Amino acid sequence: MRRRASLILLALAVFLVALAPLLRWYAFPRLAKVPAGRYQAVVMEAKDATLIDYATLKPRTVPKLTMIQTLKGNAEEAAKVRAATGRDVVVWDTLTFAAGPDGAMVSRIPERYVFDAHSQRPVHAGGEHVDGTPVRRDGIAYKWPFLVQKRDYRYFDMQTRTSAPIHYRGTRAFRGLDVYYFEQTIPWTQVPLPRALPLGITPDTVRQIGLERWYTTKRMFWVDPVTGAPVNGEEVHREEMRWTGHPEKEPITAFAGHVKMRPDYLDATVDLVTSQRRLVLLLTTYLPWGSAGLGAVLLALALVLEARSRRAPAGAAGPPGDRRAGGVGMSQDGGTFEQPTPGGGR
């Protein structure tokens, strides 16, 4: 009975130990993915910012500029791309809407981002664009891969329509989470004007005046290393209107400000990421280590039962050499001797 029990425990132990790496290295990469129909909105603000007045083409200081960024998963388009490419993809339609202190539009930039649901690598299908201009992304955007590494990544900048390294700058504590801090600086670069501008102005109108748009930013992200989701993001952002062909003329500041997430959206983002990281840790840590640990315990118990089952059972005959039982024993010099039977005589 003990031997049968030990074999059953041994089989369970082998199964659980083998299950641990399967959960981590086989199941997790296939089960962990970004949902196709996700919707999220984030509000950011730049207080005491500088903003161009297109009526006078002069900069003015405003108490606050608000930037609303909405992200909507396009499940229908993702299904089309999946059918055409055979890949499990996510299609995000995003909109970055900037408004002045009176709520009037400053700029409006739509964007489509298509990427692999598991690895977050770009997938060049499904009409990816920025402000209606087709683009071919290289690197990540908005989200890091699951289980972020302590290294630099390539990050897509929607203003320049190009990718550049975003540098890992260390681990930091942020609202109870240990996060990775990343930083990217885009040097002064000439960039396209948004198609939607205030007062009915168009990019062609600005070009006819003889102006072109230049931009620089310092981009900062605090990223949860488990889910790859940023829990905070900031930008020190500057834009200038420069006179085409006249470097001697003074540029006009179109926008200057430190853009930060609004505190209430910051709290909501941290809560959302905290709940999501538990699901990822379940597949990468809790279940694999728990399975391996339980398997080790069952293996030890199986060995104990097997060792006990191999011991000789207690019977009427005593161990060899016991003088209290009749039979033949061993003398101290290695020879045999006869043991007397109780009640017998010469």
Side-chain angles (χ1 to χ4, degrees), residues 15-42 69-75 78 81-82 87-92 94 113-123 137 139-156 166-183 220-233 261 265-296:
F15 170 76
L16 290 171
V17 171
L19 181 63
L22 285 176
L23 286 171
R24 173 61 184 84
W25 304 111
Y26 182 82
F28 169 71
R30 290 161 176 78
L31 295 176
K33 67 177 185 177
V34 178
R38 178 182 177 185
Y39 177 83
Q40 184 177 343
V42 175
Q69 190 173 74
T70 57
L71 181 154
K72 182 180 180 181
N74 191 329
V81 177
R82 189 180 305 114
R87 298 181 62 177
D88 194 1
V89 302
V90 173
V91 177
W92 279 351
T94 72
Y113 177 36
V114 186
F115 61 95
D116 187 280
H118 303 277
S119 67
Q120 280 77 76
R121 294 189 182 95
V123 176
R137 284 178 177 80
I140 60 176
Y142 296 105
K143 183 188 179 300
W144 271 249
F146 294 104
L147 305 180
V148 184
Q149 299 178 19
K150 296 180 179 181
R151 64 173 179 86
D152 297 348
Y153 288 82
R154 290 187 64 78
Y155 193 88
F156 183 80
I166 188 165
H167 303 286
Y168 169 74
R169 299 298 192 196
T171 302
R172 301 187 179 183
F174 185 83
R175 299 202 173 204
L177 296 176
D178 290 331
V179 298
Y180 293 169
Y181 173 69
F182 290 88
E183 194 174 282
M220 296 158 279
F221 283 109
W222 289 255
V223 179
D224 172 49
V226 177
T227 62
V231 295
N232 185 32
M261 287 180 65
Y265 281 87
L266 195 58
D267 294 337
T269 301
V270 171
D271 291 342
L272 177 63
V273 171
T274 301
S275 64
Q276 290 176 339
R277 66 180 280 134
R278 295 193 190 102
L279 298 176
V280 177
L281 287 172
L282 187 67
L283 285 174
T284 59
T285 303
Y286 301 151
L287 286 180
W289 281 107
S291 178
L294 181 57

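Please read these numbers as outputs of a predicted model, since none were measured by experiment.
With sequence neighbours excluded, no residue forms a side chain to side chain donor-acceptor pair (under 3.5 Å) with R172. Listed by chain and number, the residues in a ring-ring contact (aromatic ring centres under 6.0 Å, His included) with F115 are W92, Y113 (sequence neighbours excluded).
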For D224 and F174, what are the C-alpha separation, side-chain angles and deciding distance, and is it a side-chain contact (heavy atoms from CB on, under 4.5 Å)?
CA-CA 10 Å; D224 172 49; F174 185 83; over 6 Å; no
R175/L266 under side-chain contact (heavy atoms from CB on, under 4.5 Å): CA gap, chis, key distance, verdict
CA-CA 10 Å; R175 299 202 173 204; L266 195 58; 3.4 Å; yes
Decide yes or no on side-chain contact (heavy atoms from CB on, under 4.5 Å) for Y155 and F182, but give the supporting numbers first.
CA-CA 10 Å; Y155 193 88; F182 290 88; over 6 Å; no
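Listed here is the closest heavy atom pair of P225 and V179: CD-CA, 4.0 Å. Between A78 and V90, the shortest heavy-atom distance links the atoms CB-CA, 4.5 Å. The heavy-atom pair separating F221 from I166 by the smallest distance is CD1-CD1, 3.8 Å.
The OH atom of Y26 lies 9.5 Å from the CG atom of L31; values are rounded to the nearest 0.5 Å. Rounding to the nearest 0.5 Å places CZ of F146 at 10.5 Å from OG1 of T284. Separation of atoms CZ (R38) and CG (L71) is listed at 6.0 Å; rounding is to 0.5 Å. The distance from atom CG of L177 to atom OG1 of T171, rounded to the nearest 0.5 Å, is 12.5 Å. Taking CZ from R87 and NE2 from H118, the interatomic distance works out to 10.0 Å, rounded to the nearest 0.5 Å. Rounded to the nearest 0.5 angstrom, L287 CG and L16 CG are separated by 11.0 Å.
Considering R82, R121, R30 in turn, R82 is the only one that fulfils the salt bridge (Lys or Arg N to Asp or Glu O under 4.0 Å) rule with D88.
Not one N or O on the side chain of S291 forms a donor-acceptor pair closer than 3.5 Å with the backbone of P288.
More than 12 heavy atoms of other shown residues, nucleotides or ligands fall within 6.0 angstrom of atom CZ in R169.
Screening residues 140-153 for side chain to side chain donor-acceptor pair (under 3.5 Å) gives T94-Y142, E111-Y142, Q120-K143, Q149-R151, D152-H167 as the qualifying pairs, with residues at least two apart or on separate chains.
The aromatic rings of W222 and Y181 are tilted relative to each other, their planes meeting at an angle between 30° and 60°.
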